[in-house]
Asks: 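The structure under discussion is supplied below as structure tokens; questions concerning it will follow.
Numbers restart at 1 for each chain; the letters A, B, ... are given by sequence-line order, proteins then strands.
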Amino acid sequence: MSTPIHPMFDPANLTDQEAARLKNLESLIAAGIEPYPARARRTHTIAAARALYQEAGDAAPEVSVTGRLRRIRIMGKMSFADLEDGTGAIQLVLRRDSLPGDFYDNIWKRLIDLGDFVGATGKLAVTKTGELSVEVREMQFLAKTLKPMPDKWHGVRDQEKRYRRRYVDLLANPPVRDIFRTRAAIVRALREYLDGEGFLEVETPILQPLYGGAAARPFITHHNQLHQDLYLRISFELYLKRLIAGGYDRVYEIGRDFRNEGVSFKHNPEFTQLEFYEAYADYHAIMRRTEEMVAYVAQQVTGGLTLTWQGRTIDLTPPWRRIPLRQAILDATGIDYESYPDAEALAAEMRRRGHEPDPRSTWGKLVDSLMAKYVEPNLIQPTFLIDYPRDVSPLAKGSPDDPRQVERFEGFMVGMEVCNAFSEINDPIDQLQRFIDESYRARHGDDEAHPIDEDYIEALSYGMPPTGGFGMGIDRLTMIFTNTDTIREVILFPHLRTVKDEAENDADESEDAPAAQ
RNA sequence: GGGUUCCUAGCUCAAUUGGCAGAGCAGCGGCCUUUUAAGCCGCGGGUUCUGGGUUCGAGUCCCAGGGAACUCACCA
């Protein structure tokens, strides 16, 4: 071939299979065939062609279908092939004598590779063995593939390869494509539900001068022109409540949050969240709405209210179980945290019972850790834990009858927290006091504590009605609906470390290329 | 960040006690006009993740590094 433009296409770096495909590309050009034409002739998607034959049978007119060649079976002067587009697959039948000129012998058999994109024109017909096929009269070349396809039967198994090169995963492993169709259906159903209930979909800043709304460390970025550090949002909460103060009674946002924390089977540094805020609703009303909304999604996505996750049947039928957090921890550990009203006493009791509490934890964090460790993993069926300690809930309104508690719940399924909600603080003085408490914690080493957001207090000072707020992880909800046990399966491009040695060398070399500015 | 396990051909996987690196698919050449992971005959294909070390000999054992999975801690 001619001089390579980049090491990627240097023959010295190609495998024999890549070199063979590159040679076929050149031969196609030499034969006068454009390997990457701008337009494809298509009269029907493959699904539409199947539907057409279903209706019209052998009387159906000729169709032109397009797609990727997934399997090729050459039987001599006749071949079968499986063509796949985004709607499905169909068999092609090619006969040497039914195709123009020497196309069959010299183009089809020699220059077209597995994985190439082609268009096929011909009559629909059922073969002897009952397979609906296109009897190809003419074939249009649509796109050359320079890499060999993964194993046609096993696909790609290596998880690292699947996540780093998701396109290979998707093209080689059809069930993976279904996961992201389901994910899209879930998001669509959530919007349908909320829109139908009079919620306004809004978009609030991702780049924020202050962060807040959750206990998490943020990513920090910088605006050059303004000489200003900015945070990538860790939640939408404080902006959405400003909108409630502004007069919208029901708002929601579906978007990306960024948290500078560890990664795990249920944590990705960026993840998709739904938050909604509803004026004149308290946390009991939000619980009812949560059940209704998730049930609606299930109905739309699966057609029912039960689903199977890792061999267990999950029943989403409302109402879900409601258990006070205090009771749930008492049942799971024998510890009634109300009897140990400060961090020292609670930590001592935990140690006495063989637990190993983090000595730096506040009382609320100890309670939360008991929940996360001994309660959460066992909450398989949809369950609300209700009434949380005040000092882990700096934005939740206090319970009228217990100053140590707030009107908050978290929803759990399959042993994972999926949502978090509360009656929102709308007393600006109360909220400011909570922020001050948080900033005290921040100064004493809690790097997840809230900074004081004075503009938010300002907004509350103009008046916000009693409001219920809600947040739900869309990734985790998708895990439950797609029967997957790691968040990476439901994120198209999950975060992975960059590969160092070779990748860096390649990057260095590519900088030698002329990049005229 | 800690612990455990893994990384072999384009893909999926083998390789006994440390003893000639293999198979299927894919590729290349050939046969084949009803296949469904087509079949048959033949051929080529390896930095065994990287770098050291032990050894007559290392895919295998040791050390360091890279990446991944699981798990613990923290988070949603």
Asks: Among all residues two or more places apart in sequence or in another chain, which pass the salt bridge (Lys or Arg N to Asp or Glu O under 4.0 Å) test with R443(A)?
Replies: none
Asks: Name all residues meeting the ring-ring contact (aromatic ring centres under 6.0 Å, His included) criterion together with Y211(A); count only those two or more places apart in sequence or in a different chain, and write none if there are none.
Replies: Y231(A)
Asks: Is any NZ, NE, NH1 or NH2 atom of the basic residue among R162(A) and E489(A) found under 4.0 Å from an Asp or Glu carboxylate oxygen of the other?
Replies: yes
Asks: What does R259(A) touch in the nucleic acid at a heavy-atom separation under 4.0 angstrom: a base, only the sugar-phosphate, or nothing?
Replies: base
Asks: Between E261(A) and M75(A), which is nearer to the 5' end of RNA chain B once each is assigned its nearest nucleotide?
Replies: M75(A)
Asks: Now, which nucleotide makes the Watson-Crick or G-U wobble pair with G27(B), with each of the two distances under 3.5 Å?
Replies: C43(B)
Asks: Please measure how far the C1' atom in A26(B) lies from the corresponding atom in A69(B), and state the result in whole Å.
Replies: 27 Å
Asks: Whole-Å distance between A76(B) P and R256(A) CZ?
Replies: 19 Å
Asks: So, are R353(A) and E349(A) salt-bridged, with charged N and O less than 4.0 Å apart?
Replies: yes
Asks: Could you tell me which nucleotide pairs with A68(B) by Watson-Crick or G-U wobble geometry, both distances under 3.5 Å, or answer none if nothing does?
Replies: U5(B)
Asks: Considering only atom P, compute the distance from U48(B) to C11(B) and round it to an integer number of Å.
Replies: 15 Å
Asks: Can you tell me which nucleotide in G67(B), U34(B), U12(B) comes closest to the side chain of R164(A)?
Replies: G67(B)
Asks: Determine the Euclidean distance between corresponding P atoms of U34(B) and G19(B); express it in Å to zero decimal places.
Replies: 49 Å
Asks: Quick one: list whatever passes side chain to side chain contact (heavy atoms under 4.5 Å, CB included) with P150(A), sequence neighbours left out.
Replies: V156(A), V168(A), L171(A), A172(A)
Asks: Could you check G155(A) against E131(A) and say which one's nearest nucleotide on RNA chain B is further toward the 5' end?
Replies: G155(A)
Asks: Under 4.0 Å from OP1 or OP2 of C11(B): is there any side-chain N or O of K161(A) that close?
Replies: yes
Asks: Using whole Å, report how far CZ of R95(A) lies from P of C32(B).
Replies: 17 Å
Asks: Does A73(B) pair with anything, Watson-Crick or G-U wobble, both distances under 3.5 Å, and if so, with which nucleotide?
Replies: none
Asks: Could you pull out all residues at least two apart from R68(A) that satisfy salt bridge (Lys or Arg N to Asp or Glu O under 4.0 Å)?
Replies: none
Asks: Summarise how protein sits on nucleotides 22-28 of chain B as a single string, 5' to 3': B when a protein heavy atom is under 4.0 Å from the base, S for sugar-phosphate-only contact, - for no contact.
Replies: --BBBS-
Asks: Would one find a side-chain N or O of R73(A) under 4.0 angstrom from OP1 or OP2 of A38(B)?
Replies: yes
Asks: Scan every strand shown for a Watson-Crick or G-U wobble partner of C61(B), both distances under 3.5 Å, and answer none if you come up empty.
Replies: G53(B)
Asks: Distance between the C1' atoms of U12(B) and U4(B), in whole angstroms?
Replies: 25 Å
Asks: Which one, C13(B), A69(B), A76(B), comes nearest to the side chain of I487(A)?
Replies: A76(B)
Asks: Salt bridge check, R408(A) against E410(A): does any charged N sit closer than 4.0 Å to a carboxylate O?
Replies: yes
Asks: Who passes salt bridge (Lys or Arg N to Asp or Glu O under 4.0 Å) against K144(A), sequence neighbours left out?
Replies: D113(A), D116(A)
Asks: Measure from the side-chain heavy atoms of R71(A) and tell me the nearest of A69(B), U33(B), A38(B).
Replies: A38(B)
Asks: Would you indicate, yes or no, if U34(B) has its OP1 or OP2 atom less than 4.0 angstrom from a side-chain nitrogen or oxygen of K128(A)?
Replies: no
Asks: Using both distances under 3.5 Å as the test, list the Watson-Crick or G-U wobble partner of C13(B), or none.
Replies: G22(B)
Asks: Is there a side-chain polar atom (N or O) of R497(A) under 4.0 Å from OP1 or OP2 of G66(B)?
Replies: no
Asks: Checking all strands, does N173(A) fall into the base, sugar-phosphate, or nothing category for heavy-atom contacts under 4.0 angstrom?
Replies: nothing
Asks: Expressed in whole Å, how much space separates the P atoms belonging to G44(B) and A23(B)?
Replies: 11 Å
Asks: For a quick check of understanding: with a heavy-atom distance under 4.0 Å over all strands, which category does Q91(A) fall into, base, sugar-phosphate or nothing?
Replies: base
Asks: Rounded off to whole Å, could you give me the CD-to-P distance for the E275(A) and A76(B) pair?
Replies: 12 Å
Asks: Over how many whole Å does the gap from L146(A) atom CG to G10(B) atom C1' extend?
Replies: 13 Å
Asks: Please state the P separation for the pair A14(B) and C31(B) - nearest whole angstrom.
Replies: 37 Å
Asks: Tell me, please, which residues at least two apart from R322(A) pass side-chain hydrogen bond (donor to acceptor under 3.5 Å, both in side chains).
Replies: E291(A)
Asks: Mind checking if A215(A) touches a base, just sugar-phosphate, or nothing, with heavy atoms under 4.0 Å?
Replies: sugar-phosphate
Asks: I74(A) CD1 to C32(B) C1': how many Å, rounded?
Replies: 11 Å
Asks: Starting from C1' on U35(B), measure out to CG on D82(A) and report it in whole angstrom.
Replies: 9 Å
Asks: Give none if A37(B) has no partner; otherwise give the nucleotide forming a Watson-Crick or G-U wobble pair with it, both distances under 3.5 Å.
Replies: none
Asks: If you measure from the P atom in C70(B) to the same atom in G18(B), how many Å do you get, rounded?
Replies: 31 Å
Asks: Excluding sequence neighbours, so at least two apart, what forms salt bridge (Lys or Arg N to Asp or Glu O under 4.0 Å) with E275(A)?
Replies: none
Asks: Determine the contact category for D257(A): base if any of its heavy atoms lies under 4.0 Å from a base atom, sugar-phosphate if only primed atoms, P, OP1 or OP2 are that close, otherwise nothing.
Replies: nothing
Asks: Would you call F80(A) stacked on A38(B), i.e. ring centres under 5.5 Å apart with the planes less than 30° off parallel?
Replies: no
Asks: Examine the base of U35(B) for any acceptor or donor lying under 3.5 Å from a partner atom in the side chain of T127(A), and report the outcome as yes or no.
Replies: yes
Asks: Should E135(A) and R95(A) count as an ion pair when the cut-off is N to O under 4.0 Å?
Replies: yes
Asks: I'd like a list of close polar pairs between nucleotides 70-73 of chain B and the protein, N/O only, cut-off under 3.5 Å.
Replies:
from	atom 1	to	atom 2	distance (Å)
A73(B)	OP1	K373(A)	NZ	3.3

Asks: CZ of R217(A) versus C1' of C74(B): gap in Å, rounded?
Replies: 7 Å
Asks: To the nearest angstrom, how far is E18(A) atom CD from C11(B) atom P?
Replies: 10 Å
Asks: With rounding to the closest Å, how many angstrom separate the P atoms on C6(B) and C62(B)?
Replies: 11 Å
Asks: Before giving the answer on salt bridge (Lys or Arg N to Asp or Glu O under 4.0 Å), spell out for D58(A) and K123(A) the whole-Å C-alpha distance, their side-chain angles and the decisive distance to 0.1 Å.
Replies: CA-CA 8 Å; D58(A) 291 332; K123(A) 290 281 290 178; over 6 Å; no
Asks: Closest to the E417(A) side chain: A76(B), C11(B), U34(B)?
Replies: A76(B)
Asks: Salt bridge or not for D475(A) and R183(A), using N-O below 4.0 Å?
Replies: yes
